[in-house]
Amino acid sequence: MLKKKIIFLIGPTAVGKSAIAVHLAGKINAEIISCDSMQVYNSMDIVTSQPGRAQRKKVKHHLLGVIKPDKEYNVARYRKDAMSICGKLFSKGSIPLFVGGAGLYYSVIIDGIFPSGPENKSIRARLYKQLSLKGNKYLYDKLSKVDPLSAEKIHPNDARRIIRALEVYMTAGLPISVLQRSRVGLGNKYEIKIFALNTNRRALYDKINQRVNKMFSLGLINEIKGLLKHKLSKTALCAIGVRELEGYFKGKYSLDEARGLIQRNSRRYAKRQLTWFRKDKRIQWVNIKGKETPLEIAKRIWKKLY
RNA sequence: GCCGAGAUAGCUCAGUGGUAGAGCGCGGCCCUGAAAAGGCCGGCGUGGGGGGUCCGAUUCCCUCUCUCGGCA
């Protein structure tokens, strides 16, 4: 029996994934599942550069704007949501096309996630208190005792990972390094294709800078102003553009400075995304040449599918 | 035209008679429940051109070019 196909179209922010994805989906009876940690939020259409209405009309998109910005979201929830949509698409006979730039999110779909209970807020709060009182060295030493394997992998300054490892140990009773070995991926059951888009760095950075300018002309300032009237979840608060503009509203820096910071932070994000993708040897790279249209690129990818 | 200040990393600048640093920018990397987050590593340089003093000059001297102030 032929394995069912799952396609991933990934790439750094602003390379042009969305437009290409719509063309590709149209050719192969696919529906798009967003693979993005910020586009799940609603009321943040401009900052997160959500695909516009026209694109969403042509092809069905999933997991866009489905969460209120005051709600937390995370990889585990994403995996659950995405897998259930995946199942529905299969039963309809359409192909899931994952589109986005979140490295961890796509890898969790393909490679699975280790089993763990939900976040334990009180334990975590206690650990963060210890962090501020006694410093990261204290927590790191603690981790070294209960889970030396993880301690070796995690840098002593990486407080967030140290705390997560301790939290897992305290709730599950087993070191995270042991639990992490049990991941169930999709590789055997499905035919998985991963395409990553890229251009040369200069062109990419130009696109990023321009996209940020476009956000401003689309009304970014008002969007964020409205957003900040309500309490934001710590995850939604992480969207590039929110904190920078908050700083502008508070008089911390000028509008031009805020714009510059948004551009710079987006460039850095793109750089980190590329680092992540580069080490994934399963990826088929699709290099965008200067004047290619989204349709032409989609055709090139389509040819690689069969 | 004259007087003064300066010319060092992509940018803003520091410093030293024994071939140079800082911040920002930029590059590389790590990543399993905050991932657009978080963490680590890296100076990426013909020290404006030419000459002189000296064992040795980016540092001292002369000269040229350019930039910025001030006076005309």
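Letters A, B, ... mirror the listed sequences (proteins, then strands); counts begin at 1. Remember, predicted model here, so these are calculated numbers, not experimental data.
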**OP:** Grab the CG-P distance between A:Asn265 and B:A37 for me, whole Å please.
**Re:** 7 Å
**OP:** Name the nucleic acid region contacted by A:Arg183, choosing base, sugar-phosphate or nothing; use a 4.0 angstrom heavy-atom cut-off, strictly under.
**Re:** base
Subject >> Sugar-phosphate, base or nothing in reach of A:Arg267, heavy atoms under 4.0 Å >> reply: sugar-phosphate
Subject >> Spacing of A:Lys271 atom NZ relative to B:C41 atom P, expressed in whole Å >> reply: 14 Å
Original post:
Counting only N and O atoms by type, is there a donor-acceptor contact under 3.5 Å from the side chain of A:Glu292 to the main-chain atoms of A:Lys289?
Top reply: yes
Subject >> Residue mapping more 5' on RNA chain B - nearest nucleotide basis, A:Arg243 or A:Glu72 >> reply: A:Glu72
Subject >> Between B:A35 (P) and A:Tyr73 (OH): distance, integer Å >> reply: 10 Å
**OP:** Just call it for A:Tyr140: base, sugar-phosphate, or nothing, with non-hydrogen atoms closer than 4.0 Å on any strand.
**Re:** nothing
Original post:
Touch check for A:Thr13, heavy atoms < 4.0 angstrom, all strands: base, sugar-phosphate only, or nothing?
Top reply: nothing
**OP:** Select base, sugar-phosphate, or nothing to describe what A:Gln39 touches, counting heavy atoms under 4.0 Å on all strands.
**Re:** base
**OP:** Calculate the interatomic distance between A:Lys121 atom NZ and B:G33 atom P; express it in whole Å.
**Re:** 16 Å
Subject >> Ionic contact status for A:Glu246 with A:Arg243, cut-off 4.0 Å >> reply: no
Original post:
Is the distance between the ring centroids of A:Phe90 and A:Tyr190 under 6.0 Å?
Top reply: yes
Original post:
Checking all strands, does A:Asp36 fall into the base, sugar-phosphate, or nothing category for heavy-atom contacts under 4.0 angstrom?
Top reply: base
Original post:
Of all of residues 203-238 of chain A, which get a heavy atom below 4.0 angstrom from RNA chain B, listed by number?
Top reply: A:Tyr205, A:Lys234, A:Thr235, A:Cys238
Original post:
A:Arg164 near the nucleic acid: base, sugar-phosphate alone, or nothing, with a heavy-atom cut-off under 4.0 Å?
Top reply: base
